[in-house]
Structure formats: structure tokens, C-alpha cells
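Worksheet: the structure to be examined is printed underneath.
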There are 2 protein chains.
Amino acid sequence: MKPKISDVAKVAGVSPTTVSRVLNNRGYIGEKTRKKVEEAMKQLNYFPNDVARSLFIKKTFLIGVIFPTTTNPFYGQLIFHIENIAASLGYKILLCNSQGQEDKERSYLRMLQRNQVDGIIAGAHNRGVKEYDIPTLPVVGVDRYLSGNIPVVSSDNYDGGRQATQLLINKGCENIIHINGPILLETPANLRRKAYEDVMRDNQLTPITYETEGNNQAVIKQLFDENPQVDSIFASDDLIASAVMREAKIRKRNIPSDFKVIGYDGTETTRLLLPELSTIQQPIREIAEKTIEILIKEINEEGDSQMETILPVRLIEGETT
Amino acid sequence: MKPKISDVAKVAGVSPTTVSRVLNNRGYIGEKTRKKVEEAMKQLNYFPNDVARSLFIKKTFLIGVIFPTTTNPFYGQLIFHIENIAASLGYKILLCNSQGQEDKERSYLRMLQRNQVDGIIAGAHNRGVKEYDIPTLPVVGVDRYLSGNIPVVSSDNYDGGRQATQLLINKGCENIIHINGPILLETPANLRRKAYEDVMRDNQLTPITYETEGNNQAVIKQLFDENPQVDSIFASDDLIASAVMREAKIRKRNIPSDFKVIGYDGTETTRLLLPELSTIQQPIREIAEKTIEILIKEINEEGDSQMETILPVRLIEGETT
DNA sequence: AATTATATGTCATCCGGTTGACATGTGAAA
DNA sequence: TTTCACATGTCAACCGGATGACATATAATT
């Protein structure tokens, strides 16, 4: 059986209270007894039981993290930073891949509450999950409006969309089409599209948008078929941009002379695998930092943070524009 | 304050024991009381406290997962599947990104033990962390030997290395160079290299291997400089393969006519971003399934599973070979 | 009428650690 | 000599829920 505080006390020849004092640095402890206790812990290979501790102090140092999937390089990188920063602050991550399914998201929320997490970071992509409104449980959204009174951290999607569109226009494109994933009205990411439409109209151009969910390739084929005159595409993420490049090559469109593509996200993985792709890079690390900062402030009840945090994006000009 | 069982009992007009009986489906419960209790739980927004429950039943349904980083597409995808399968079995994931640092790995191990995880899945890349030998705590390694008595699950790295090398030879290559990440003697992944060397020698060819850690591009440049006659490269993962392709293009080597590349892993992300790359695809989902299967068997003490599980890989011939 | 399966309540104990109250015993400073 | 900071022990209560023992009561069977 695992050793407990009383076992350590026995071996060290002290009282359980003294062991607890050593563990928590409370009250007076003599140097020799502290040594004795520490040696006893080592000898028994004792680890304090954080479950018992959490029960009493009513704090678990657990943060629930809900995103669609770590398979996606953007979320993978974001979660990496979140976990990393959280760990440096003594918090641990309970990972949830909601896969964009509302029911999963709901059941994860229940699970996290049963596990008494101190807070939740959510960037899943479902609408209508109102259960996020949990009084007494701090929640922060990433790139997603979860509810009226939940803070959101995102990058400057409008500016990103603007820069991408403007770049294509500056390069002389006139038939620019936007393609994005499933529309999520409550998502700041939709501002990318809004910016695209605004910039297009400001330049007397007609915005055309295609949506894809899952099967990118089919939608892209359709897009090319229906718009033979298309000279450039602004894709709402790099994965879609990559699929566009692929289709363009099949159609013998020469990039960038004949046809231009710009993506969105600029993750480490994309930069490694597709360095030539022009893209709008999100400040993933900074998003993670800000998100945790706000969440922990909420957890510690240190006044309310601002409801919306918008971080700057960066245009990376590659060889596809 | 959060409602507890006794609050539910009061509202439902029953005893706490009865609520617990409803919660755990034990003993006799009448239909009407069950309804009453369930309604009271709904009304109070009651969630059972799993921390308290875990303390008593001495089981947390938590699995600690230690890998270098979710940023890497292979680990990102593997962790996705692990979490996914675990969730379907009622287990939750405590995520740890060790970043290949021994000290982090050690402190994560301590953290996981304090949190009373039921088991650990580790695929980090450090040698010398002997702390994995924890009696009473089930551990399974992925693509990594952690200790003599810890089961490992991996894909058939030797066969993958063999197939990759053989393919290049079949295509007429003679100056094939292998490039891999940091050497880890205790890692089954090293079998890729071993297979490469064996196949080369079997074909009267001289194996040459380069190692890279972190700065791929510099090592690759050096490789090309020192071996102008190189006609193909077998990279130990797709990210390195991508960097090789990039350098080859800079050096005006035409792929695949003049120069061939084959990678390793074949993750979803790589397939999307670099579909033309030939690669050896690992059965990531199956690795996750088998790993959890073995871990849970260990947790439930259902006899010992086999110490080494090797799953088949698949050659994907793209346009780079 | 006796038996039994069903239904619910009371009560105490346990899980492992934390904490406050209080007692006791040093040795050093006032 | 008194006072006090330092050091450690004992004890009980508590965190929220699980569980076993035992009592009681109703309704259905025999």
C-alpha cells in the first residue's frame, strides 16, 4: 500500500502533524526534524496525496482545456503553450478533444465540473452550448464567444483578413475568392471573412466566399469550376490553403505568377512543411499567455479582466503571393 | 457554495444514503424517489465531487500522458487518439509536454504520482529517467524502452526503415543517405536506422547517417556539401524530409528525377500539407488503441500483457521517389 | 398468517491530509 | 527569574462521498 503521512511520521519518529508542517512549511520546524522527515519520505518513497489535499483545501490546480483536436497544428501548438505556461504556475491540464461535437463538449463540461477543475479554457467550435455559463467556475474562451460574461482572447482576425486581402489586391489580383471552414457566427474568426468582404467592396470588387467542412478538395474543385477567372484565394487556414495549392497545380495554374494563395495561422508545423506559403501568422504563444493570465486572475478573484483581448497578427510573405 | 449530497437529500426529501444509492445504483431504489432525487440534482445543478469519490474508492480514472510536445504533428495526433479512446472508456488525460528535458519529465512523474493517476503513458525521449520503475503504478511506453519491465508499443520501425531504403534502391538510387533526430539508443525508432544500414550493406552500398537536433537546415546543408553525389535521402521523419526537399530545391535538384526523398510518420497534417511526399506511415490510431488496451489491463491487473507490441507500417508512394 | 423481496432511514467509519486549539518543553534574552 | 520565541505533540473536526450494519415499513407471495 502507498505510504501515508502517518507512515512517514512513524519512520521519522515524529507526529503526523509535524510531517504535515514540514510538507506545508507551517509553524516552527527544527532543522534536524525536517531532515529526519525528509529522509523518511525518501526512504518510503512517499508522495503526498493531492486528491486528499484537494478535497480539503477545495482547490485542485486543474485546468480543463477543450479544443476540437490536438491533431490540428494550430490547436496542438496552442495547447502545448497553454500546458507549458500552466505547468510553470503549478497548474495541470485535463485535456479534452471535442471534435466539434456539441454532445462531447457538453459531457466534457460535466466531467470537468465533477473533477473540480479550478477553471476552463475552451476554444471548441460549437454554437449553442450554453452550459459554459457556470457561476463560480472561471472560464476563458479562445477565439470564441462562449457567453456574454466570459472573457475571450483572440488575435486580430479583422486585421488579418484585411492584410491578406489587401496584399492580394496590391499584387494586382482582381478575382479574389475567400474560402473558410464551417461558419460560426459567434466566432471572432469570422471577422476574417468580414474584413475580406469590406476590403473587396472598398476596392470595387465583388466578394465571393466558399465554405468547406471536412472535404476541402471537393469544395475547392467546385470553386475552380464555377470561377475559371479566379486569380487568387484567401484561405481561412493554412490547411485549406495547402489544398488550394494542390488543386491549382493540378489545373496547371502557376503560383504565384498566374495564381496566388494566402493562408492563415502560420503554425510551426506549417512553416516547416510549407515554408513557401504566404500566411497570416497568429501569435499563438501570446494567446496562450494572455488566456492563462486572465483565467488565473479569475480563479484568484483579482477583479475582472477585460472581456475581449485582441492580439496583433503578422503577415508572412512567402512565395505564393 | 457548491451543493453536496446532503443538500440534494434535503431538497428531495430523502436521506443522503438514498441519494448515494441513486448515484451509484446500489441496493433498492423506488422509481418515484429516483425521480425526486434526479430532479433535486437538476434543480440544484448538482455535480458529484469526484475528488471526494476518488479519495474513497482509491481510483481517479486519470491517465498521465507524457510526450515531448503536442506541437509535433505525430504526437499531436497520437495524443488525440489516446485521449479519445480513453474518454470512451471513462478515463481522463493529464497532459504533460516534457520537451525532451529530463528534469521536466521527472517533475511530471512526481506530479502524476501526487495526483494519484491510475496509469501513465509515456513516449518522451529521454534516457536515464529510471523513475519510471514505479511498483504499483502501471506504465506503458510508446516507441520507447522505459525500463526492463514496462511494456512498449511501437510500429514496425525495422520494417519501415527496410521498406524506405529498399524503395530508393529499387528506384535506382545508389548514394542514399539517412538522416535522423537525436540518437536514442533505447528507442525502437533506432531500428529505422539499423534497417537502413542493413539493407544498404546487403546491397553493397555504404550507409551514411547524419544526425540533427533542432537545427535541421544547417545539418542538411552540411550533408549536401559533404556529399555532392547524394541521390536520395531517407529522413527519419516527415518534418526533416520537408527540410531536405527545401534544400534540394535550393540546390536545383529536381525531385524525383534527379533526387529522391522519403520521410517517416505520415501524419494527417503531413498528408494534407505535403501530399507529394513519399513516406512510411505509422498506424497512429492503432498504436493508441493498443497502448490503452495494455495500460487498462495493467490497471485492472488482468494478467500481464506481452512486453513488446509491434504494429505494421504502410508505405505511401508519393511523387518524391 | 408467515415469509420475503422491496424500499428507505439512521449511524458510524473510512479515504488521506489540513488545520486550529491547546499543552508541554526547550534555551536564550531581558 | 521571568518572559518569550522556538519546537513538537495530542486531539478533534473537517473536506464530500462510499459503504456496511442494522432498523423499519410496505406490499406481494406462499
Side-chain angles (χ1 to χ4, degrees), chain A residues 1-38 40-41 44-62 110-118 136-137, chain B residues 1-41 44-62 110-111 113-118 136-137:
Chain A
M1 209 64 281
K2 283 180 196 162
K4 49 176 104 168
I5 269 197
S6 59
D7 298 319
V8 176
K10 254 175 232 155
V11 171
V14 299
S15 77
T17 306
T18 301
V19 176
S20 175
R21 284 189 183 121
V22 171
L23 239 28
N24 298 289
N25 263 312
R26 283 183 53 250
Y28 296 114
I29 314 124
E31 260 321 297
K32 318 115 221 166
T33 30
R34 161 167 276 134
K35 282 260 161 60
K36 273 195 301 181
V37 170
E38 277 164 1
M41 296 195 306
L44 290 173
N45 208 330
Y46 170 78
F47 287 88
N49 184 327
D50 272 356
V51 172
R53 182 160 206 276
S54 293
L55 178 60
F56 186 84
I57 66 175
K58 290 166 174 290
K59 168 143 192 171
T60 55
F61 287 94
L62 281 174
R110 280 196 298 276
M111 181 275 274
L112 294 175
Q113 288 184 76
R114 295 176 59 128
N115 279 274
Q116 314 295 117
V117 295
D118 292 341
T136 78
L137 181 51
Chain B
M1 208 64 279
K2 283 180 197 163
K4 49 177 103 170
I5 269 196
S6 58
D7 298 319
V8 176
K10 254 174 232 158
V11 171
V14 299
S15 77
T17 306
T18 302
V19 177
S20 175
R21 284 188 183 121
V22 171
L23 240 28
N24 299 289
N25 264 312
R26 284 182 53 250
Y28 297 113
I29 314 123
E31 261 320 298
K32 319 113 221 167
T33 31
R34 161 169 276 136
K35 282 260 161 61
K36 276 196 297 178
V37 170
E38 276 164 1
E39 266 158 38
M41 297 196 304
L44 291 173
N45 207 329
Y46 170 79
F47 288 87
N49 184 327
D50 272 358
V51 172
R53 181 158 207 279
S54 293
L55 179 59
F56 186 83
I57 66 174
K58 289 166 174 290
K59 169 143 190 172
T60 56
F61 288 94
L62 280 174
R110 280 196 299 275
M111 181 275 273
Q113 287 184 78
R114 296 176 58 130
N115 279 276
Q116 314 295 119
V117 295
D118 292 341
T136 78
L137 181 51

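Numbers restart at 1 for each chain; the letters A, B, ... are given by sequence-line order, proteins then strands. For clarity, every value in this text was computed on a predicted model and none was experimentally measured.
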All side-chain hydrogen bond (donor to acceptor under 3.5 Å, both in side chains) counterparts of [X], not counting sequence neighbours:
X: R114(B); value: D50(A)
X: R26(A); value: none
X: S54(B); value: none
X: S20(B); value: N24(B)

Which pairs, protein N/O on one side and nucleotides 12-19 of chain C N/O on the other, fall under 3.5 Å?
unit_1  : atom_1 : unit_2 : atom_2 : d
dC15(C) : O3'    : K58(B) : NZ     : 3.3
dG16(C) : OP1    : K58(B) : NZ     : 2.3
dG16(C) : OP2    : K4(A)  : NZ     : 2.9
dG16(C) : N2     : A52(A) : O      : 3.4
dG17(C) : OP1    : Y46(A) : OH     : 2.6
dG17(C) : OP1    : N49(A) : N      : 3.3
dG17(C) : OP2    : I5(A)  : N      : 2.7
dT18(C) : OP1    : N24(A) : OD1    : 3.4
dT18(C) : OP1    : N24(A) : ND2    : 3.4
dT18(C) : OP1    : R53(A) : NE     : 2.8
dT18(C) : OP2    : S20(A) : OG     : 3.3
dT18(C) : OP2    : N24(A) : ND2    : 3.4

Would you say that V22(A) contacts V14(A) through its side chain, given a criterion of any heavy-atom pair below 4.5 Å between the two side chains? no
**Study point:** Pairwise side-chain contact, L23(B) with I5(B), heavy-atom cut-off 4.5 Å (strictly under)
**Key:**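 Yes, side chains in contact.
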Residues two or more places apart in sequence or in another chain: which of them pass salt bridge (Lys or Arg N to Asp or Glu O under 4.0 Å) with R34(B)?
->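 R34(B) satisfies salt bridge (Lys or Arg N to Asp or Glu O under 4.0 Å) with E31(B) once adjacent residues are dropped.
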>> If I take atom NZ from residue K10(A) and atom CG from residue L44(A), how far apart are they, to the nearest 0.5 angstrom?
In response: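 Rounded to the nearest 0.5 Å, the NZ-CG separation comes out at 10.5 Å.
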Residues that [X] engages under side chain to side chain contact (heavy atoms under 4.5 Å, CB included), provided they are two or more places apart:
X: Q116(B); result: K2(A), N49(A), V51(A), T60(B)
X: K59(B); result: I57(B), F61(B), Y91(B), D118(B), I299(B), N300(B)
X: S6(A); result: K4(A)

In I29(A), V37(A), T33(A), the residue satisfying side chain to side chain contact (heavy atoms under 4.5 Å, CB included) with R21(A) is I29(A)
Nucleotide by nucleotide, nucleotides 24-30 of chain C touches protein heavy atoms under 4.0 Å in the pattern (B base, S sugar-phosphate only, - none) -------
Measure all distances between protein nitrogen or oxygen atoms and nitrogen or oxygen atoms of nucleotides 5-7 of chain C, and list the pairs falling under 3.5 Å.
unit_1 : atom_1 : unit_2 : atom_2 : d
dT6(C) : OP2    : Y28(B) : OH     : 2.7

Bend angle of the helix from dA1(C)-dT30(D) to dA30(C)-dT1(D), from helix axes over five pairs at each end, nearest 10° =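 Helix axis angle between the two ends: 40°.
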